[in-house]
Amino acid sequence: MALLTVAGFFFFYSVNSSIDGGDSATYLVGAKSILAGTGYSDISKPIASPIQHFPPGYSFFLASLFFFTGVNVVATKIANAVLMLLSILLSFHFFKKFFSKNVSLALSAAFGLSLAVLWYSHMVLSEPLFIVVSLVSVFFAQKYFESKNTAGFYFFGAAVFLALSFFVRSIGAVLIAAAVCFFLWNKKPQKGMALFLACIVPIILWFFYSGAALEEFDSPKDSYISQIFAVDILRPELGFAGPVEIGLRFLKTLAYYLAVSVPTAIASPLGALNFFFGENFLLYGLGLAASAVFLAGFFLSCREKKSLAHFYLAFYLLLIFLIPYNYQSVVNRILLPVLPFLLLFFGKGLLALLEKFKIQKLSGFLPEKAAILVLIAFIASSIGADLFYISSIHSRQFDSAYANMEIAAVQLKGIAGSNSLVYSDSPERLFLFSGIRSVRPSDERMVSFLKSQNVYGAEFALVTQYFEPKKAEQKFVENGFEVVFTAPDNVTKILKKSA
């Protein structure tokens, strides 16, 4: 209860009404579209098109919430905070399958009070829901093998939540593959195939839908598979890499994750070292040591008895090691969904290490108590990082760029008619601010098509601090636009094309 109270304080204190851009705005726009009865579509553009990059599960969750609260960003953030609290509770019960109650509580605190968990607890993103769904999926799948009279119930629950995991985040396909392999490994081929079919049918239907959407709207094709073979996932025009390049890239990504990403996700003190001093040889050395403990826990426990957690984490890490992108952040979003599993095997390795080096003889502490002390150090560091983070959370989210864009969006709504063509580098956020539909100027295909319709009168452009404002303004001026409104920051501007 104390853990949930402390974590809840951090989570709910961080909640505010700010609207984030990027994925958050896309999820919100999709939810508004569902609520409006226009399907899972991007209605922030002049021509609405189906959203195919993200599966629809999280937006449907938001839409069901909006049904009761109206389109309320604060409500979505509160819901995510509650989901993250639920994930802490579920992680405790998950850890209890492998450790004593005290060690499980310490691991749950290391998870729940980590800066990454706090960071994403109040963002309108799908991670909290995915963590809950994945932990419930693992619980049902593992419980199936422990039950006799109620095995059918747990199998059904596993199938439902595994399929749901994909529709919350497409990386859930990895969890499904791991679960099927886990059933096959435990000599349950019929159940494994039944689980595969129960999950694959709705997934195939989704791919048919998104594939049709790609063809109809000529959208760029993007998936984890295409990212693995891409030369650069941020520059798809460069094409695909060869097998040697993919192999070398895999080794490079593996080295970075083991030296930096995995250890800073597990151990908060290493995250603090990275934040304040950047990447250095001390971080690499300590990081590799922490990863060695994690790997020892993974392989030693795997040798004893393979669990679904082994299959899931192995498949998950293999996939992200193959993708040519190192997420360089102290709050690693890519590893967050599997953080409970990383901590599980770190805990296993830590206990094995302390037992091997006979810590009881050296210090008088039992291995379990010594492990808890190490985790308490992690927790203390996390609390310090959390306090530092929340001390400026609201001023950072309502910064100058945000405030001036909001002012300009309201002003644009007053001067741009319903038949105006509006350009913006953040159509989703502009739509959520003002209801104005706009198109990115870089989307030349869409711009060309809209102009060919001859239904638009005036043309407006919104320039903000977020996307190279001086360069953007100059380009619009060169194309016959002139400034008609300047926000207080003297950077955010509305331009109108001269007649």
Side-chain angles (χ1 to χ4, degrees), residues 2-3 6-7 9-11 14 84 88 91-92 95 99 102-121 255-298 317 326-354 357 359 362-363 365 367-393:
L3 169 58
V6 174
F9 166 75
F10 286 130
F11 296 172
S14 303
M84 204 61 102
I88 297 173
S91 72
F92 173 68
F95 291 134
F99 303 101
N102 289 335
V103 173
S104 299
L105 183 60
L107 286 167
S108 299
F111 166 69
L113 296 175
S114 68
L115 181 59
V117 168
L118 170 60
W119 188 289
Y120 292 105
S121 69
Y256 184 84
Y257 268 85
L258 291 181
V260 180
S261 299
V262 169
T264 54
I266 293 172
S268 181
L270 296 181
L273 177 64
N274 187 22
F275 178 79
F276 287 108
F277 300 102
E279 295 177 19
N280 53 65
F281 286 109
L282 177 61
L283 174 65
Y284 296 149
L286 293 174
L288 288 171
S291 287
V293 174
F294 155 71
L295 290 171
F298 181 89
L317 292 179
N326 294 332
Y327 197 89
Q328 298 177 343
S329 170
V330 293
V331 285
N332 195 305
R333 185 181 175 189
I334 293 175
L335 291 177
L336 179 62
V338 291
L339 184 53
F341 303 92
L342 293 171
L343 285 167
L344 163 67
F345 295 116
F346 180 82
K348 284 281 189 181
L350 184 60
L351 282 172
L353 184 69
L354 293 171
F357 286 95
I359 192 68
L362 293 173
S363 65
F365 288 107
E368 182 176 300
K369 288 188 176 180
I372 291 173
L373 287 175
V374 172
L375 292 172
I376 286 174
F378 290 4
I379 295 163
S381 176
S382 291
I383 290 175
D386 292 346
L387 289 170
F388 178 78
Y389 174 76
I390 68 171
S391 65
S392 59
I393 177 62

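Values below: all heavy atoms of this structure, side chains included; hydrogens, waters and symmetry mates excluded.
The aromatic rings of Phe294 and Phe298 sit tilted relative to each other, their planes meeting at an angle between 30° and 60°.
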Compile the donor-acceptor pairs under 3.5 Å between side chains in residues 335-349 and protein atoms, sequence neighbours left out, one pair per line.
none

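Atom CG of residue Leu258 and atom OG of residue Ser291 lie 5.0 Å apart, to the nearest 0.5 angstrom. Leu273 CG to Glu279 CD: the interatomic distance, rounded to the nearest 0.5 Å, is 10.5 Å. Rounded to the nearest 0.5 angstrom, Ser268 OG and Asn274 CG are separated by 11.5 Å. Between Leu3 atom CG and Leu113 atom CG the span is 5.5 Å, to the nearest 0.5 Å. For the atom pair Leu317 CG and Ile334 CD1, the distance stands at 11.0 Å (nearest 0.5 Å). Distance CD1/Ile393 to CG/Asp386: 11.5 Å, rounded to 0.5 Å.
Of all heavy-atom pairs between Ala290 and Leu270, the closest is CB-CD1, 4.1 Å. Heavy-atom minimum distance, Ala370 versus Leu354: CB-CD1, 3.7 Å. Nearest heavy atom pair, residue Pro263 against residue Tyr257, reads CD-O, 3.4 Å.
Only one option out of Leu115, Asn332, Leu283 pairs with Thr264 in a side chain to side chain contact (heavy atoms under 4.5 Å, CB included); it is Leu283.
Judged by distance alone, the side chain of Ser91 and the main-chain N or O of Ile88 form a donor-acceptor pair under 3.5 Å.
Contact check for Ser14 versus Leu118: side-chain heavy atoms found under the 4.5 Å cut-off. Between Met84 and Phe10 there is no side-chain heavy-atom pair separated by less than 4.5 Å.
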Between Phe95 and Val103, does a side chain to side chain contact (heavy atoms under 4.5 Å, CB included) hold up when you go through it step by step?
CA-CA 8 Å; Phe95 291 134; Val103 173; over 6 Å; no
